S.K.: 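Attaching a single structure in C-alpha cells format; questions to follow.
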Amino acid sequence: FPTRRSSDLRRIFLFFPSIRSSFPFRIPVVSISRLPGVYEPPGQPIPGREEKRYYMLNKPRGYVCTMHDEQGRRSVRELLPASAGRVYPVGRLDLMSEGLLLMTNDGVFAQRIMHPSSNLLKTYRTRVESDRLSEGIDRLRVPFILDGTSVCAVDVRLLKAEGIKAVLDITIGEGRNREIRRMCEEAGLRVTRLTRIAEGPLLLDGLPSGKYRALRPEEIAAVLGELK
C-alpha cells in the first residue's frame, strides 16, 4: 500500500482491534507515541519518550537567549550542565536584561506560554533615571502605541524614588519585543537595569544569578492553570 494509506490503516487498527483481527492480511501496528500529530499533554510524557524537563534560570546580563549565537556571544545554554538535557528558552530576555527565564524540552508547554493569547503576566523590577521622574512614571500608566498596536502596563508600582532615580515593578501581559524598555523610552525614562522577577505564579525568589533549578510539579500545574 502507499505510505499514507498504510498509515491510515494502522491508526484504524490501533483503535479498533476487532477490525484488525478480521482483516485478511497483517499490518504492523505502531505505538501511539510514535504516531505523527498525536497530542502529548504538557507535563505528562508518553512512555518511551524523552523525559520532560522544566527549569527556571536566573539569566545574568550579557547572555543571549539562543542556543548558538553567530556573533559568538555567551548563550544561556552554557549555564546549564549537560545533565540538564537539551532544553530551550521559553521566550526571550534581551542581552542586557536579566532574571527569570524558563527553559524546557516540552514544545507544547512552551508554545502555550509564548502564544500572544496566553496573557501570562510578567513582572519586571525596573531601575530608571529621569529629570522628569514623576511625569514619566505617570506616563507609564496610560496606553502606548507600539508596532501599530495599543499596549498598556497591567500595573506600575513605585518602590523607591530618590532624586532622578527610581525603582519600579512593572507588570505586563503579552510582552512584545523589548516592551518595557520601549515604554520607558516613550515616557522619557532611561532604564539602567531590568530584571524579570515573576512570570505568572512563578517567582525568582532568591535564585542566584546564573543558577537554575527544576520546577516542581505543582509549579508546572499552576502555570498551566493561568494560561487561557
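Predicted model only: the values in this text are computed from it and were never measured. Sequential numbering from 1 along the given sequence is applied to the chain's residues.
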S.K.: I'd like to know if the side chain of R127 reaches the main chain of L194, judged simply by a donor and an acceptor atom lying under 3.5 Å from each other, with no hydrogens or angles considered.
M.R.: no
S.K.: Hydrophobic clusters join Ile, Leu, Val, Met, Phe, Trp and Tyr when side-chain heavy atoms are under 4.5 Å apart, directly or via other members; which others share one with V167?
M.R.: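 L159, all in the cluster of V167.
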S.K.: Side-chain heavy atoms under 4.5 Å apart, restricted to Ile/Leu/Val/Met/Phe/Trp/Tyr: what other residues fall into the cluster of I197, or is it alone?
M.R.: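 None; I197 is a cluster of one.
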S.K.: Would you check if M67 and P89 make a side-chain contact, meaning some heavy-atom pair closer than 4.5 Å?
M.R.: yes
S.K.: How long is the span from the CG atom in L146 to the CZ atom in R178, to the nearest 0.5 Å?
M.R.: 11.0 Å
S.K.: Has R157 got more than 12 heavy atoms of other residues, nucleotides or ligands less than 6.0 Å from its CZ?
M.R.: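 No, because the 6.0 Å sphere around CZ of R157 holds 12 heavy atoms or fewer from other groups.
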S.K.: Under the 3.5 angstrom rule, does the side chain of E219 hit a backbone N or O of R216 as a donor-acceptor pair?
M.R.: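 Yes: the side chain of E219 pairs with the backbone of R216.
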S.K.: Tell me yes or no: between the side chains of R181 and S97, is some donor less than 3.5 Å from an acceptor?
M.R.: yes
S.K.: Listed by chain and number, what are the side-chain contact (heavy atoms from CB on, under 4.5 Å) partners of R196, not counting sequence neighbours?
M.R.: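 If we apply the side-chain contact (heavy atoms from CB on, under 4.5 Å) test to R196, skipping adjacent residues, the hits are L93, L100, L101, K122, Y124, E199.
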S.K.: For T66, is there any backbone N or O sitting under 3.5 Å from a side-chain donor or acceptor partner on S75?
M.R.: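 Looks like yes, one N/O pair under 3.5 Å.
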S.K.: Using modelled atom types and a 3.5 Å cut-off, is there a donor and acceptor pairing between side-chain atoms of T126 and backbone atoms of I170?
M.R.: no
S.K.: Short question: side chain of D147, backbone of T149 - any donor-acceptor pair under 3.5 Å?
M.R.: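 No; judged by distance alone, with no hydrogens or angles, the pair does not exist.
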S.K.: For L121, what are the other residues in its hydrophobic cluster, where any two members join if their side-chain heavy atoms are less than 4.5 angstrom apart?
M.R.: V154
S.K.: Would you find a donor on one side and an acceptor on the other, under 3.5 Å apart, between the side chain of N58 and the backbone of L207?
M.R.: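 Yes; judged by distance alone, with no hydrogens or angles, the pair exists.
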S.K.: Rounded at 0.5 Å granularity, tell me how far CG in L202 sits from CG in L102.
M.R.: 6.0 Å
S.K.: Between the side chains of D94 and R61, is the shortest nitrogen-to-carboxylate-oxygen separation below 4.0 Å, so that they form an ion pair?
M.R.: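 Here R61 does not pair with D94 in a salt bridge, since their nearest N and O are not under 4.0 Å apart.
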S.K.: Do NZ/NE/NH1/NH2 and the carboxylate oxygens of K59 and E98 come within less than 4.0 Å?
M.R.: no
S.K.: Salt bridge (charged side-chain N to carboxylate O under 4.0 Å, His left out): which pairs involve residues 71-81, sequence neighbours left out?
M.R.: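 Non-adjacent pairs meeting salt bridge (charged side-chain N to carboxylate O under 4.0 Å, His left out): D69-R73.
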S.K.: Can any side-chain N or O of R182 pair as donor or acceptor with the backbone N or O of N177 at less than 3.5 Å?
M.R.: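 Judged by distance alone, yes, a pair lies under 3.5 Å.
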S.K.: Between E162 and K165, is the closest basic N to carboxylate O distance under 4.0 Å?
M.R.: no
S.K.: Mind jotting down which residue pairs meet the side-chain hydrogen bond (donor to acceptor under 3.5 Å, both in side chains) criterion with at least one end in residues 81-92? Sequence neighbours excluded, please.
M.R.: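 Listed once each, the pairs are R86-Y88.
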